[in-house]
There are 2 protein chains.
Amino acid sequence: MKDIAKEAKVSLTAVSLVLNDKDTRVSESKKAEIKRIAKQMNYRPNSAAVSLSKNVSYNVALIVPDITNPFFARIVREITTFLNTKGYGTLLVDSDNSYKNEKSALQNLISRGVDGVLLVPSNEIFSENQTEVTKLLQNLAKPLVLLNAYTTRKVSYVNFDNVKGAEMATQELINYGHRQIAFIRGENNFVNALERYEGYENVLKKNQITLNQNLVFRGDYSMESGYRLAPDILKNRQITAIVSSNDLMLFGVIKWAKEHQIPIFKRLSMIGFDNTPYTEILEVPLTTIDQDTEKMATDASELLLKMIQTKQKIVKKIIIDPILIRRQSVWKR
Amino acid sequence: MKDIAKEAKVSLTAVSLVLNDKDTRVSESKKAEIKRIAKQMNYRPNSAAVSLSKNVSYNVALIVPDITNPFFARIVREITTFLNTKGYGTLLVDSDNSYKNEKSALQNLISRGVDGVLLVPSNEIFSENQTEVTKLLQNLAKPLVLLNAYTTRKVSYVNFDNVKGAEMATQELINYGHRQIAFIRGENNFVNALERYEGYENVLKKNQITLNQNLVFRGDYSMESGYRLAPDILKNRQITAIVSSNDLMLFGVIKWAKEHQIPIFKRLSMIGFDNTPYTEILEVPLTTIDQDTEKMATDASELLLKMIQTKQKIVKKIIIDPILIRRQSVWKR
DNA sequence: CTGAAAGCGCTAACAC
DNA sequence: GTGTTAGCGCTTTCAG
């Protein structure tokens, strides 16, 4: 900048003003001259200096439990792309589904000077000491938006209507004559898992089917957990259908069944959650609940940017409706 | 820092020295006192100030073509996790497989002050004006390591031995009696695609099978491109086996076959590339070429950090051997 | 062993 | 319309 000023024979102020388009004061001729020289010298502002001076970094933190899960991968892609067009960079952290990592990432990122954080929380965070978590989330020095979770805390979030999603899935199976419907749910404390389970319960009750806890299985949203659950699910011959809280756990069940030569697609109707791309290449394409990750990503990013730019604490709750995607894994029993 | 200095009745210098463990000079008692107070005040250095002063940011850029592709997702996870343990943050950009995006990201990230960049290049970059690309990559102001690509430029990279991988795949099929082996390759200019094709050619020649260009199909590594290619591949009834340059394109073929009720798993032997997790849940688990993404990620990250920390330009080429994972999609014809 | 002070590159309040 | 200058929070040189 100094060089530009010297070259253009103006002050640093003028250069700064012009290059930031706050050129209300500078004369047109100088303006043009400064811009020309800046371009010619291929000037790039030093972002550390800008940050130090303005106390903003134009970086946002994004924390996800597992980037390898296609559902999260989609979210990450939408968010980074969106933020990029708005002039923000994305610092990505994979928390490996661990609260400990989330916590240290949160602190680390704040001191890295991010302007705000987008948090897709782990399951674990909800099993922790909740007053500590509240403190962590509410007293964060920077704006925060939660994705794919809800909370009663004074924190913004955008989430899917999980109750509704699970209701649609369960009802679909009942409509096809199923009554012994297994449900693969997530961890006890994970709020979305609770909601999905609630949807399952609701629909059973509405259809006067008594809830049987032997049909409820508990995983952690990973393919491995589905794989682990598979033998128990498949040895219960009463079960005619499965609703899974996500596609991945169902994939795990399918993997186990394949390995043990069980014709699972012939035996069971199945509905997943997330509409991952791989649902379409299975032996029988999977019916699933689709969630509009793009909307989630842009809604959350926009909200965060608004908080950052207006410097206001906004507590807003956004809930997105899921959609039932009918393919071929459900049929009359 | 000022507060700590005041509280401890020492100078700013002392505080800085102690907190950075350059405490060769400060007395033990003061040292302890300063650390105590810093912890008590929950002191976090302002990273913008550190950056400005030291001219480093402890941030690294990571550019990938498509985070949604499980192969890249795995790389991203390994890299972010590894860099995190070394005290570096990761600025992630999804280039959407476009050279234009890569180029602007590269410039944008540099001016964001990253200390170095890890680039998993798009296919497109190799179809561009190559003198421009050379200029872009070689004259980058910061250390650069390429992943999943090779180059004759003075640029470091970590890549798989693609020739060997494709050779293993093709030979495996020949060993099982196949001779009309289709090959799904990537774009013309993408170096890895070229290498894989070369491996295919090599093995045909070695086995005295004449290369038939009608058996070579060209995709872009996306599931969609496989889907597009499927009708042409499947209508050629001579073909008894497929080698695909990645799993995803094969998934696309499988998807199309499913939709058109073609029993592809009965008709064709198939081998993919990448060993994505979903290869195991298909109707017939897929034989594939596994690439050690973790090694690639850590090798590349370590190399980059070395360049950053020693401030030396290192041009090192690392090549990793792939492994053939035998599952059930290959059988005697 | 310790501290004062210059400086990193930029912004913005202030004075002209 | 224009320029001077005081910071932003930290590191590091230099003088004691």
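Residue numbers start from 1 in every chain, and the chains themselves are labelled A, B, ... in the order their sequence lines are given, proteins ahead of strands. What's counted below: heavy atoms across the whole structure, side chains too, no hydrogens, waters or symmetry copies.
Checked by atom type and distance alone, the side chain of B/D292 pairs as donor or acceptor with a backbone atom of B/E294 at under 3.5 Å.
OP1 and OP2 of D/dC10 both lie 4.0 Å or more from every side-chain N or O belonging to B/S51. Distances shown here put a side-chain N or O of B/S16 below 4.0 Å from the OP1 or OP2 atom of D/dT11. Contact annotation: B/S53 does not reach the phosphate of D/dC10 (side-chain N/O to OP1 or OP2, under 4.0 Å). The phosphate of D/dC8 (OP1 or OP2) has no side-chain N or O of B/N46 nearer than 4.0 angstrom. Contact annotation: B/K22 side-chain N/O to D/dT12 OP1/OP2 distance is under 4.0 Å.
A donor-acceptor contact under 3.5 Å links the side chain of A/T13 to the base of D/dT4.
Centroid-to-centroid, the aromatic rings of B/Y221 and B/F190 come within less than 6.0 Å.
For B/V10, the side-chain atoms get nearest to C/dG3 when compared with the rest of C/dG3, D/dT11, D/dG1.
Checked for salt-bridge contact, A/K31 and A/E28 meet the test: a charged N lies under 4.0 Å from a carboxylate O. Between B/E33 and B/K30, none of the side-chain N atoms (NZ, or NE/NH1/NH2) sits under 4.0 Å from a carboxylate O, so this pair counts as no salt bridge.
Rounding to whole angstrom units, NZ of residue B/K54 and C1' of D/dG9 are separated by 13 Å.
Between B/K30 and B/L52, the one whose closest nucleotide on DNA chain C sits nearer the 5' end is B/K30.
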